[in-house]
Amino acid sequence: VETDAASCLVHCSDSWDRTAQLTSLAQLMLDPYYRTMKGFASLIEKEWLSFGHQFEERVGHGHAEIHDQRSPIFVQFMDCVWQILRQAPLLFEFTEEFLMA
């Protein structure tokens, strides 16, 4: 994708959760803009919020009943970002404190 400047179609059969996770990580690694504070915020807006990720339902905080749609996809994404940040901190404009804010 990066070397040939090729396009790529990503489609998960069941849900948009994994699609947002995969495409966000790819963009984070391929484009240095998304490793800036402004870029990371726009990545979350573009890939997660605009596509209607159901944060409350997936995380399940504040609900006494157990949801069958509970899945920590965004939390897992943030952990992946943290892992990449720990491996290459000089490539990021932000630190882990930014991720926790």
Side-chain angles (χ1 to χ4, degrees):
V1 172
E2 181 182 25
T3 305
D4 297 331
S7 296
C8 174
L9 174 67
V10 178
H11 173 68
C12 293
S13 61
D14 213 20
S15 167
W16 57 81
D17 292 336
R18 290 178 305 249
T19 304
Q21 187 182 54
L22 179 66
T23 57
S24 295
L25 287 171
Q27 291 173 81
L28 185 73
M29 291 184 280
L30 290 170
D31 190 341
Y33 170 70
Y34 295 115
R35 295 189 298 265
T36 66
M37 286 187 270
K38 184 176 179 181
F40 190 74
S42 73
L43 181 68
I44 301 302
E45 169 70 32
K46 177 172 75 102
E47 297 295 324
W48 295 87
L49 298 173
S50 294
F51 281 106
H53 181 73
Q54 300 171 359
F55 291 95
E56 183 179 5
E57 191 169 308
R58 295 296 188 261
V59 175
H61 285 298
H63 294 285
E65 69 277 356
I66 296 182
H67 290 283
D68 62 346
Q69 295 295 313
R70 197 171 185 178
S71 179
I73 299 294
F74 186 75
V75 175
Q76 186 180 43
F77 162 72
M78 291 297 282
D79 182 61
C80 291
V81 173
W82 180 78
Q83 296 289 341
I84 297 167
L85 175 63
R86 297 273 298 164
Q87 292 177 35
L90 298 178
L91 297 178
F92 287 81
E93 179 184 277
F94 53 87
T95 64
E96 62 185 68
E97 285 79 16
F98 176 77
L99 296 178
M100 293 187 295

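Numbers here are sequence positions counted from 1.
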Next item on the list: Kindly assign one of parallel, tilted or perpendicular to the pair Trp48 and Phe77, based on the angle between their ring planes and the thresholds 30° and 60°.
Entry: tilted
Note to self: So, taking the atom named CG in Leu99 and the one named CG in Asp79, what distance separates them when rounded to the nearest 0.5 Å?
What the structure shows: 10.0 Å
Checklist line | Nearest-0.5 Å distance that lies between atom CE in Met78 and atom CD in Gln21 | finding: 12.0 Å
Next item on the list: Assess whether side-chain contact (heavy atoms from CB on, under 4.5 Å) is satisfied between Phe92 and Leu28, documenting all intermediate values.
Entry: CA-CA 10 Å; Phe92 287 81; Leu28 185 73; 4.0 Å; yes
Next item on the list: Drop me the distance from Met100's CE to Glu97's CD, to the nearest 0.5 angstrom.
Entry: 5.0 Å
Next item on the list: Show your working on side-chain contact (heavy atoms from CB on, under 4.5 Å) between Ile44 and Phe74 and close with a plain yes or no.
Entry: CA-CA 10 Å; Ile44 301 302; Phe74 186 75; 3.9 Å; yes
Check: Between Tyr34 and Gly39, what is the shortest heavy-atom contact and its length?
Finding: CD2-O, 3.2 Å
Next item on the list: Could you check whether the rings of Phe94 and Phe98 sit parallel, tilted or perpendicular, using 30° and 60° as the cut-offs?
Entry: tilted
Check: At their closest point, which heavy atom of Arg35 faces which heavy atom of Leu91, and how far apart are they?
Finding: NE-O, 3.2 Å
Note to self: Rounded to the nearest 0.5 Å, what separates atom OG1 in Thr95 from atom CE in Met37?
What the structure shows: 8.0 Å
Next item on the list: State the CG-CD distance between Leu25 and Gln76, to the nearest 0.5 angstrom.
Entry: 9.0 Å
Checklist line | Worked verdict on Glu96 versus Arg86 for side-chain contact (heavy atoms from CB on, under 4.5 Å) | finding: CA-CA 8 Å; Glu96 62 185 68; Arg86 297 273 298 164; 3.9 Å; yes
Check: Hey, is the main chain of Tyr33 close enough, under 3.5 Å, to the side chain of Asp31 for a donor-acceptor pair?
Finding: yes
Check: Would Glu47 and Gln27 count as a side-chain contact (heavy atoms from CB on, under 4.5 Å) if you check the C-alpha gap in whole Å, the side-chain angles of each, and the deciding distance to 0.1 Å?
Finding: CA-CA 10 Å; Glu47 297 295 324; Gln27 291 173 81; 3.2 Å; yes
Check: Which value, rounded to the nearest 0.5 Å, describes the distance between Phe40 atom CZ and Ser24 atom OG?
Finding: 8.0 Å
